[in-house]
J.: 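Could you have a look at this structure, given as structure tokens, before my questions?
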Amino acid sequence: MKYAAINGELVNMAAAVVPVTDHGFLYGLGLFETFRTYQGVPFLLERHLQRMASGCRELGIPFTATAAEVTDWLKNLLLANELQDAYVRYTVSAGEAPLGLPSGDYVKPNHIVLAKALPEPSPSLYENGKMLQRLLTPRNTPEGEVRFKSLHYMNSILAKRELNGYGQYVQGAEGLQLTRDGHVAEGIVSNVFWVRKGVLYTPALETGILPGITRAVVLELAAQQGLPCQEGLFPWEGLLQADEIFLTGSVAELVPVTTLRDQVGTETVISSGHIGPVTDALLGMYRQKAGYTS
């Protein structure tokens with residue numbers, strides 16, 4: 001990355017800074033969205049901005065950015081960084097304020113947009129899938145009634161450190177966090193779905209998971225196809241009995257899981273080690289909706 005966009009202006013990365021009194025830095029008061037572009041166009045941007053605006057209202061951060069403004073910022077940023085299809089992170093931090101917890105609303109937030117080249121998936125990722133490693137680190141409870149995509153990411157970082165601690169056995173794997181009550185929650189950076197006997201399952205929002213944008217689209221696509229779906233509280237054993245498992249995220253799309261691994265190293269192969277038919281169909285519909293061509 002050569003450039004960032006800060007408050008709508010292109011800034012060389014070496015000069016891309018926010019003040020130390022920004023409450024995003026001091027107290028983690030801020031939100032972010034990650035999404036990707038398809039042929040230079042940000043996908044589902046309006047939904048990401050709606051989630052951002054909703055969270056900002058609860059945190060007392062004014063948010064007036066429109067989809068047209070963000071699209072313009074992004075267009076200039078992609079051009080400056082010589083990118084077309086990109087991984088994008090849009091952050092809104094609370095802005096400068098006196099030291100100490102705020103007594104009122106914020107006034108002037110900082111808007112930061114970063115873009116980098118999309119990660120290159122292995123050619124077999126969407127055919128042969130990846131491993132899902134069960135973690136001991138529980139998913140923490142949400143900051144509010146619904147989980148924010150906030151700048152306070154310590155729980156996910158601790159989970160990632162645990163995943164890395166399993167070493168070569170989990171290379172390329174995603175980590176799965178359960179709630180403190182033992183219910184399947186979500187991946188470190190993904191929502192999780194599974195299929196069992198023609199029914200699609202996914203943890204309910206009451207588990208404290210992020211209400212993922214891609215998660216919502218998958219539920220809509222499943223409903224359009226008449227695929228029954230159950231959202232609820234499910235144990236780890238439900239995954240072990242699944243016919244198919246997949247993860248969702250705005251950048252990764254839908255990624256099949258073909259191996260489950262618990263903390264003692266026991267591995268369970270899912271869908272004979274290949275993407276399942278329901279996952280494949282939903283991935284195709286999702287990419288069609290995104291205008292994906294490859």
Side-chain angles (χ1 to χ4, degrees), residues 1 25 27-28 30 32 34 87 89 91 114 116-143 147-194 201-203 207-212 214-215 233-242 244-271 273-275 279:
M1 293 185 293
F25 168 71
Y27 302 112
F32 73 99
T34 53
Y87 173 116
R89 171 168 164 146
T91 302
L114 304 174
K116 67 177 183 179
L118 286 169
E120 287 287 341
S122 65
S124 64
L125 177 63
Y126 292 94
E127 286 296 327
N128 300 330
K130 64 163 47 183
M131 175 185 288
L132 188 61
Q133 168 70 53
R134 179 178 175 177
L135 300 178
L136 287 169
T137 304
R139 197 66 170 115
N140 61 342
T141 54
E143 302 88 341
R147 181 175 298 278
F148 296 137
K149 200 167 178 66
S150 74
L151 303 187
H152 179 48
Y153 234 52
M154 190 178 295
N155 180 243
S156 295
I157 291 171
L158 290 174
K160 183 68 172 180
R161 289 180 62 82
E162 180 189 345
L163 178 64
N164 291 341
Y166 290 104
Q168 62 180 352
Y169 303 106
V170 297
Q171 192 168 18
E174 167 67 311
L176 178 73
Q177 294 184 264
L178 277 61
T179 68
R180 291 191 182 277
D181 294 328
H183 300 122
V184 174
E186 59 189 336
I188 299 172
V189 292
S190 61
N191 290 124
V192 60
F193 287 81
W194 61 99
Y201 295 88
T202 194
T207 59
I209 62 174
L210 182 75
T214 306
R215 175 185 183 274
L233 306 178
F234 305 110
W236 163 257
E237 288 72 23
L239 285 176
L240 295 174
Q241 299 169 3
E244 303 176 39
I245 304 173
F246 62 91
L247 307 172
T248 62
S250 294
V251 175
E253 304 171 321
L254 282 69
V255 177
V257 169
T258 50
T259 305
L260 294 173
R261 187 177 189 273
D262 64 20
Q263 294 98 329
V264 298
T266 302
E267 296 185 4
T268 302
V269 176
I270 303 297
S271 189
H274 299 283
I275 187 172
T279 307

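The first residue of the sequence shown is numbered 1, and numbering continues consecutively from there.
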J.: Say you draw a straight line from CG of Asn140 to CG of Leu158; how long is it, rounded to the nearest 0.5 Å?
T.: 9.5 Å
J.: Scan the side chains in residues 168-176 for donor-acceptor partners under 3.5 Å anywhere in the protein, sequence neighbours excluded, and list what turns up.
T.:
unit_1, atom_1, unit_2, atom_2, d
Glu174, OE2, Ile188, N, 3.2
Glu174, OE2, Val189, N, 3.0
Glu174, OE2, Ser190, OG, 2.7

J.: According to side chain to side chain donor-acceptor pair (under 3.5 Å), who are the partners of Thr279, at least two apart in sequence or on a separate chain?
T.: Glu244
J.: List in chain and number order the residues that pass side-chain contact (heavy atoms from CB on, under 4.5 Å) with Pro211, two or more places apart in sequence or in another chain; answer none if no residue qualifies.
T.: Val146, Leu205
J.: What pairs meet the salt bridge (charged side-chain N to carboxylate O under 4.0 Å, His left out) rule with one or both residues in residues 117-136, with sequence neighbours excluded?
T.: none
J.: Looking at residues at least two apart in the chain, or sitting in another chain, which of them share a side chain to side chain donor-acceptor pair (under 3.5 Å) with Arg180?
T.: none
J.: Considering only residues two or more places apart or on different chains, which pairs with a residue in residues 254-269 satisfy side-chain hydrogen bond (donor to acceptor under 3.5 Å, both in side chains)?
T.: Gln133-Arg261
J.: By side chain to side chain donor-acceptor pair (under 3.5 Å), which residues pair with Glu143, not counting sequence neighbours?
T.: Ser150
J.: Sequence neighbours left out, what pairs pass ring-ring contact (aromatic ring centres under 6.0 Å, His included) with at least one residue falling in residues 244-268?
T.: Phe193-Phe246
J.: Please list all pairs meeting salt bridge (charged side-chain N to carboxylate O under 4.0 Å, His left out) that have one or both residues in residues 154-163, counting only residues at least two apart or in different chains.
T.: none
J.: Report the residues that fulfil side chain to side chain donor-acceptor pair (under 3.5 Å) with His183, sequence neighbours left out, ordered by chain and then residue number.
T.: none
J.: Which residues satisfy the ring pair (Phe, Tyr, Trp, His ring centres under 6.0 Å) test with Phe32, sequence neighbours excluded?
T.: Tyr153
J.: Residues in salt bridge (Lys or Arg N to Asp or Glu O under 4.0 Å) with Glu186, at least two apart?
T.: Arg139, Arg147
